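These notes concern the structure reproduced below.
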There are 2 protein chains.
Amino acid sequence: MPYGCGVTHPSPDASRLRPAGLATRAAIEDAARTLFAERGFDGASVRGIAAEAGVDPALVIRHFGSKEALFLRTVDTSLGIGSVLDGPLESVGRRLVAYFMDPARPVIRKRYVALAQAAQHDQVRDEMNRHTAETYVAPLAPRLSGADPELRVALAVAQLAGLLNLLFLQRDPIVAAADPDVVIATYGDAIQRLLTPPDPEEA
Amino acid sequence: MPYGCGVTHPSPDASRLRPAGLATRAAIEDAARTLFAERGFDGASVRGIAAEAGVDPALVIRHFGSKEALFLRTVDTSLGIGSVLDGPLESVGRRLVAYFMDPARPVIRKRYVALAQAAQHDQVRDEMNRHTAETYVAPLAPRLSGADPELRVALAVAQLAGLLNLLFLQRDPIVAAADPDVVIATYGDAIQRLLTPPDPEEA
DNA sequence: GAGATCCGTCAACGGTGTTGACACAGCCGC
DNA sequence: GCGGCTGTGTCAACACCGTTGACGGATCTC
């Protein structure tokens with residue numbers, strides 16, 4: 001499924017591209033990456049991205065089909081948790097929370113905000129669901145014991161998203177003022193129980 | 001703090017109102033309630049609300065100051081969980097999840113979507129935080145034992161919001177296809193553990 | 001009756017994402 | 001070499017958004 005999918009101005013085939021086109025495409029993508037990260041999906045306008053790239057706004061749409069498609073092609077829906085999941089299963093809950101609460105990761109925070117805003121659009125939402133299934137559920141569910149492993153991973157992701165929501169979107173003063181280590185321990189353990197519930201039948 | 005807080009067209013004092021003004025105000029509020037609930041915050045336009053009320057769009061802003069203020073004055077930030085919290089503390093987790101997963105409550109679903117969209121605006125966000133503190137934290141925290149009761153309630157609310165997010169905004173296919181009773185039990189218990197952790201020192 | 005205040009209308013502003021009409025440049029087959 | 005196709009770019013415009021300013025009347029108070 002190529003870029004535009006539009007009827008009006010059929011975007012050129014990805015293979016047949018001339019140097020000029022490739023250059024401006026790259027410029028637009030760079031500008032989009034920067035502005036989406038800086039200002040979020042809603043805050044970054046197509047006109048702003050075009051200006052940043054030194055290009056006509058119409059050209060952005062022509063090349064990528066829509067703002068939504070440009071976002072999908074530009075912004076990494078992953079939040080970089082791949083390595084976090086690799087470690088031991090017993091402490092993955094706390095590690096996940098600690099990863100996102102690390103103040104040394106402001107980029108993650110902004111990317112989450114941008115993703116949350118863009119998730120209102122269908123294609124982005126679908127991509128995020130696909131990404132959740134691929135990045136979280138697929139590798140984690142087989143490692144779980146007990147019933148409904150896929151569902152439990154999905155619920156754990158929802159729980160994690162709830163915290164990110166509270167921290168980065170809602171900016172709740174209670175949690176903002178709390179000791180990060182307490183949040184990591186408390187909430188991390190709560191996520192952990194969803195993944196590895198203490199089974200009385202198990203040793 | 002009255003309606004507009006604006007400089008340009010100081011909204012009339014709430015007390016000094018004439019019948020005509022009151023009537024159109026009510027018409028606008030009704031239309032706003034309807035359209036915000038039907039289409040969400042972003043989907044309902046000021047012009048659409050004005051048309052529904054049979055009124056000039058400018059009049060909406062003049063009377064309420066801004067779309068955001070109209071939303072705050074119109075939509076109930078509560079989701080009707082007051083009665084859910086009143087019951088026994090031991091099962092509040094499952095009751096909360098069951099409340100929102102009840103298919104007989106589509107209104108709640110739409111209201112949550114509208115609230116989530118409007119939460120991008122500062123005043124709505126502040127109101128939601130205030131509402132959380134007042135409706136959830138204040139009545140629930142004193143009933144908890146253990147450390148950091150306020151924080152734990154706030155985190156439980158975040159966890160609940162995570163599920164609503166997954167169900168109503170993200171519309172994750174895994175959870176959508178799952179047995180509601182399993183979700184209620186699994187996720188409800190996870191919330192429950194945040195509120196009433198099984199303390200080994202307690203009987 | 002005079003003046004302030006409320007009520008309503010209209011046109012417009014600056015912003016958004018997107019589209020259509022057009023001109024130019026480079027590659028293709030003849 | 002040359003005509004046509006196609007990629008590339010420009011410009012103005014569309015339809016929508018939230019909001020504002022200027023201006024009539026209507027209504028109330030003094």
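None of the values given here were measured: they were computed from a predicted structure. Proteins come first, then strands; the chains are lettered A, B, ... in the order of their sequence lines, and each starts at number 1.
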Result for side chain to side chain contact (heavy atoms under 4.5 Å, CB included) between A:Met101 and one of A:Leu96, A:Asp181, A:Ile184 points to A:Ile184
By salt bridge (charged side-chain N to carboxylate O under 4.0 Å, His left out), A:Glu29 pairs with (sequence neighbours left out) A:Arg33
Closest of D:dG21, D:dG9, D:dA22 to the B:Ala58 side chain is D:dG21
Across all chains, not counting sequence neighbours, the side chain to side chain donor-acceptor pair (under 3.5 Å) partners of A:Glu134 are A:Arg130
Applying side chain to side chain donor-acceptor pair (under 3.5 Å) to B:Gln120 and not counting sequence neighbours gives A:Asp42
Within residues 36-48 of chain A, the residues having a heavy atom closer than 4.0 Å to DNA chain C are A:Ala44, A:Ser45, A:Val46, A:Arg47
To the nearest angstrom, the CG-P distance between B:Leu35 and D:dC17 comes to 11 Å
If one requires at least 3 consecutive Watson-Crick or G-U pairs with distances under 3.5 Å, the stems of DNA chain C turn out to be C:1-5 with D:26-30, C:8-30 with D:1-23
Across all chains, not counting sequence neighbours, the salt bridge (charged side-chain N to carboxylate O under 4.0 Å, His left out) partners of B:Arg125 are B:Asp122
- Query: Quick one: is C:dG17 close enough that its OP1 or OP2 comes under 4.0 Å of any side-chain N or O from A:Ser66?
  - Reply: no
Between CZ of A:Phe64 and P of D:dT8 the distance, given in whole Å, is 11 Å
Here the distance between atom C1' of C:dG17 and atom CZ of A:Phe71, to the nearest Å, is 16 Å
To the nearest angstrom, the CG-C1' distance between B:Leu70 and D:dC17 comes to 15 Å
Any heavy-atom pair between the side chains of A:Leu167 and A:Phe100 that's under 4.5 Å?
no
Checklist entry - Do you see a donor-acceptor pair shorter than 3.5 Å between the side chains of A:Thr34 and A:Glu38? => result no
Rounded to whole Å, CD1 of A:Ile49 lies from C1' of C:dT18 at a distance of 14 Å
Across all chains, not counting sequence neighbours, the salt bridge (charged side-chain N to carboxylate O under 4.0 Å, His left out) partners of A:Asp189 are A:Arg94
Salt bridge (charged side-chain N to carboxylate O under 4.0 Å, His left out) filter on B:Asp56, not counting sequence neighbours, yields none
Just to confirm, is there a sub-4.0 Å distance from OP1 or OP2 of D:dG9 to any side-chain nitrogen or oxygen of A:His63? yes
Residues at least two apart in sequence or cross-chain that pass side chain to side chain donor-acceptor pair (under 3.5 Å) with B:Arg39, listed by chain then number, are none
Residues passing the side chain to side chain donor-acceptor pair (under 3.5 Å) test with A:Ser91, sequence neighbours excluded, are A:Arg95
Rounded to whole Å, the CG-P distance (A:Leu22 to C:dG26) equals 15 Å
In short, ring-ring contact (aromatic ring centres under 6.0 Å, His included) pairs touching residues 23-52 of chain B with sequence neighbours left out are B:Phe36-B:Phe41, B:Phe36-B:Phe71, B:Phe41-B:Phe71, B:Phe41-B:His121
From CG of B:Leu59 across to C1' of C:dG8 the rounded distance in Å is 6 Å
Within residues 114-128 of chain B, those residues having any heavy atom closer than 4.0 Å to DNA chain C are none
B:Arg62 has its side chain closest, among C:dT9, D:dT10, D:dG18, to C:dT9
From CG of A:Asp56 across to P of D:dA12 the rounded distance in Å is 10 Å
